[in-house]
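In listed order, ligands and their atoms are each counted from 1. The structure presented is a predicted model; accordingly, all values stated were derived computationally and were not measured.
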Amino acid sequence: MVVFGTRPEAIKVAPLIKELQKHPNLFEVTVCVTGQHKEMLDQVLTLFEIIPDYNLNIMQQGQDLYDITTKILLGMRDVFQQVKPDVVLVHGDTTTSVAAALSAFYQQIPVGHIEAGLRTHNIYSPWPEEMNRQITGRLTTYHFAPTALSKQNLMSEGVDEAHIVVTGNTVIDALYMVINKIQTNSSVKTDLTNILKTTGYDIDRLSCKNNRRLVLITGHRRENFGEGFENICKAIKHLSSKYPNVDFVYPMHLNPNVRKPIQAIFENTQQQNVFFIEPLEYFSFVFLMEKSYLILTDSGGIQEEAPGLGKPVLVMRDTTERPEALEAGTVKLVGTDYNKIISEVSLLLDDAGKYKIMSHATNPYGDGKASRRIIAQLRQWIL
Ligand code: UD1
Ligand code: UDP
């Protein structure tokens with residue numbers, strides 16, 4: 001059984017589910033979504049044509065971590081009792097991951113953890129994800145680590161090497177699937193351009209004659225709520241007036257804590273080069289990443305995808321569990337300080353040399369074959 005609940009988990013397990021479903025003689029696959037996300041999850045399920053067998057449908061506006069955890073713990077109890085899976089696969093570091101893993105443990109069902117072993121070693125950054133992933137790791141029997149470093153993190157915590165395999169990150173499998181479709185089919189580009197227009201951003205603004213560039217922005221980390229997000233919004237406001245020839249496009253996460261400061265800080269402003277749009281389905285988002293000049297984000301998954309596209313990423317956090325791209329030089333931590341965000345974005349927009357150093361394509365997170373490696377190892381472990 002594969003259990004997931006949020007947008008990034010869905011993107012990252014979709015290629016694995018598709019691959020598992022190619023082997024009906026080996027695996028009877030059950031897909032269970034917790035529904036921690038709703039619209040943002042449905043976008044991915046529709047795109048990858050995944051129909052869940054179970055949906056706990058737990059999302060409610062304004063619920064807190066206690067609500068999410070307990071609803072999943074109890075909801076999964078019933079699903080596990082009914083299905084009695086041989087193995088449960090969870091992904092990453094969300095509340096869905098940890099609560100589903102704990103629920104499986106209570107019925108002594110072995111857990112396989114995809115994207116295992118990422119660590120900042122600071123339990124409040126990111127919060128609550130660092131603790132979610134540490135606890136999920138303790139509940140796990142089969143660890144699928146994306147990189148050699150994540151394997152090392154697990155071994156430092158005493159995990160038996162025989163229970164860890166390095167697979168690459170399945171996000172690169174998903175990214176390559178989408179990029180291939182965009183690059184090999186020109187009508188896809190036209191379709192995506194039209195879809196983007198309906199969201200309020202016209203990508204044709206970036207045509208050569210206009211000489212415009214695009215800064216793509218996302219943000220949603222709980223530890224940035226409040227002052228952090230206010231700083232981010234004020235910095236975007238300043239940058240957009242400093243660089244009228246640059247478009248700042250921000251597909252907004254649906255969390256009201258993300259949207260409130262945007263509304264407060266940008267109401268009554270008439271800037272023509274800032275676009276707050278609804279969350280994009282994955283295809284359009286990858287298309288926009290590919291068209292961007294640089295990316296400003298606090299997202300985890302985007303730190304893994306953008307280096308593969310040769311796009312510099314400024315990460316609005318103080319720590320990262322993904323140091324591989326930092327070491328490769330394509331990602332830089334800038335925190336949520338107003339002045340620092342402005343100076344680092346300005347540096348990349350103004351200094352072509354600095355930009356070139358950060359914009360080389362590198363891919364420390366995989367080669368697009370992670371799902372196949374996970375399945376090959378799973379066969380050895382459980383069949
Ligand atoms: C969650 C994960 C985070 C992950 C992020 C990916 C936890 C604690 N957090 O954070 O690790 O990086 O997803 O985006 O597991 N909402 C909707 N519709 C949706 C999705 C969200 O309206 O489709 C709104 C709801 O008001 C919801 C709120 O966003 O209550 C917050 O959602 P939640 O899953 O609690 O937290 P995220 O910030 O999305
Ligand atoms: N993403 C998307 N549409 C958007 C913004 C992001 O499809 O409007 C994708 C992005 O490419 C990445 C994932 O969603 O694969 C990241 O999700 P998010 O930032 O919400 O979560 P995190 O990775 O931080 O857990």
Side-chain angles (χ1 to χ4, degrees), residues 4-15 33-48 57-69 71-72 90-100 115 118 126-133 136 169-175 177-179 195-196 199 201 216-225 229 249-260 276-290 292 295 297-306 308-309 311 313 315-317 320-322 365:
F4 56 100
T6 65
R7 169 174 67 191
E9 293 167 88
I11 291 168
K12 290 170 167 184
V13 298
V33 297
T34 62
Q36 180 176 334
H37 282 179
K38 198 178 177 72
E39 301 86 346
M40 287 162 56
L41 177 69
D42 292 345
Q43 282 181 325
V44 188
L45 295 174
T46 307
L47 175 68
F48 287 96
N57 228 335
I58 66 145
M59 203 204 85
Q60 268 174 23
Q61 298 292 336
Q63 64 185 352
D64 65 18
L65 296 173
Y66 297 93
D67 297 318
I68 306 173
T69 309
K71 283 188 207 168
I72 295 172
V90 299
H91 180 281
D93 54 20
T94 67
T95 298
T96 286
S97 329
V98 68
E115 201 180 82
L118 277 66
W127 175 81
E129 289 83 1
E130 175 67 11
M131 188 52 87
N132 286 348
R133 58 172 88 104
T136 306
N169 198 308
T170 54
V171 79
I172 305 298
D173 303 13
L175 182 70
M177 267 185 204
V178 167
I179 289 284
I195 291 172
L196 275 173
T199 70
Y201 184 63
L216 181 59
I217 306 159
T218 78
H220 69 83
R221 298 249 81 86
R222 273 180 160 74
E223 69 271 18
N224 287 345
F225 291 167
F229 268 103
V249 181
Y250 189 152
M252 291 179 291
H253 192 289
L254 290 175
N255 195 325
N257 291 309
V258 172
R259 295 182 163 224
K260 263 183 238 147
F276 292 106
I277 62 178
E278 292 305 312
L280 293 170
E281 46 75 32
Y282 188 55
F283 233 113
S284 308
F285 188 76
V286 171
F287 185 57
L288 208 52
M289 271 201 285
E290 223 243 317
S292 67
I295 300 174
T297 187
D298 64 14
S299 161
I302 294 169
Q303 290 178 59
E304 295 157 340
E305 293 162 336
L309 300 171
K311 304 298 172 183
V313 185
V315 179
M316 298 181 289
R317 293 173 46 184
T320 182
E321 58 289 302
R322 294 165 169 93
Y365 297 109

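For M289, no nitrogen or oxygen atom sits less than 3.5 Å from a nitrogen or oxygen atom of ligand 2, counting backbone and side chain alike. For ligand 2, none of its N or O atoms has an N or O atom of E281 under 3.5 Å away. Residue P251 places no N or O, backbone or side chain, under 3.5 Å from any N or O of ligand 2. Not one N or O of T218 is nearer than 3.5 Å to an N or O of ligand 2, by distance alone.
Remark: of the listed residues F285, Y201, F229, F276, F276 is the sole one forming a ring pair (Phe, Tyr, Trp, His ring centres under 6.0 Å) with Y250.
At a cut-off of 3.5 Å, with distance as the only test, no side-chain donor of T95 or T69 sits close to an acceptor on the other residue. For T94 and T6, the side-chain atoms include no donor-acceptor pair closer than 3.5 Å. Side-chain contact of T320 with Q303: a donor-acceptor pair under 3.5 Å is present, judged by distance alone.
Below 4.0 Å from some heavy atom of G300 lie the following atoms of ligand 2, by number and element: 22 (P), 23 (O), 24 (O). Distances below 4.0 Å separate heavy atoms of S299 from the following atoms of ligand 2: 16 (C), 18 (P), 19 (O), 22 (P), 23 (O), 24 (O). When each atom of ligand 2 is checked for a heavy atom of P279 under 4.0 Å away, the hits are 8 (O). Atoms of ligand 2 lying under 4.0 Å from at least one heavy atom of I11, given by number and element, are 7 (O), 9 (C), 13 (C), 14 (O), 15 (O). Every atom of ligand 2 is numbered from 1 in the order shown, and the set under 4.0 Å from a heavy atom of Y282 is 7 (O), 11 (O), 15 (O).
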Subject >> Criterion side-chain contact (heavy atoms from CB on, under 4.5 Å) on I195 and E281, from CA distance to verdict >> reply: CA-CA 10 Å; I195 291 172; E281 46 75 32; 4.3 Å; yes

Original post:
Which is it for H220 and V258 under the side-chain contact (heavy atoms from CB on, under 4.5 Å) test, yes or no, and what are the steps along the way?
Top reply: CA-CA 6 Å; H220 69 83; V258 172; 4.2 Å; yes

Subject >> Verdict with reasoning, L280 to L196, per side-chain contact (heavy atoms from CB on, under 4.5 Å) >> reply: CA-CA 8 Å; L280 293 170; L196 275 173; 3.9 Å; yes

**OP:** Give the C-alpha distance, both sets of side-chain angles, the deciding distance and a yes or no for side-chain contact (heavy atoms from CB on, under 4.5 Å) between H91 and F4.
**Re:** CA-CA 7 Å; H91 180 281; F4 56 100; 5.5 Å; no

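Between Q43 and P279, the closest heavy-atom pair is NE2-O, 3.0 Å. Nearest approach of A10 to L41, heavy atoms of both residues: CB-CD1, 3.6 Å. The shortest heavy-atom contact between M316 and I217 is CE-CG2, 4.4 Å.
Contacts of ligand 1 (protein heavy-atom distance under 4.0 Å) are T6, P8, Q36, H37, K38, E39, M40, M59, Q60, Q61, G62, L65, I68, T94, T95, P128, E129, H220, R221, R222, H253, L254, N255, P256.
Classification of R259 and E278 as a salt-bridged pair holds, one side-chain N sitting under 4.0 Å from a carboxylate O. Comment: R133 does not engage E115 in a salt bridge, judged by the lack of any side-chain N to carboxylate O separation of less than 4.0 angstrom.
Nearest protein neighbour of atom 11 (O) of ligand 2, counting heavy atoms only, is E305 OE1, 2.7 Å. Scanning the protein for heavy atoms near atom 25 (O) of ligand 2, the closest one is P8 CG, 3.4 Å.
With a 4.0 Å heavy-atom cut-off, ligand 2 is reached by the side chain of F285 but not by its N, CA, C or O. The part of H220 lying near ligand 2 is the side chain, judged by heavy-atom distances below 4.0 Å.
Distances from atom 2 (C) of ligand 2 to the heavy atoms of L280, V44, L216, T199 show the closest one on L280. Nearest-heavy-atom check against atom 5 (C) of ligand 2 across H253, R7, M40 picks out R7. The residue from G301, A10, G219, G92 that puts a heavy atom closest to atom 23 (O) of ligand 2 is G301.
Note: H37 and H253 have perpendicular aromatic rings, judged against thresholds of 30 and 60 degrees for the angle between ring planes.
Residue contacts with ligand 2 leave out Q303, since none of its heavy atoms falls under 4.0 Å from the ligand.
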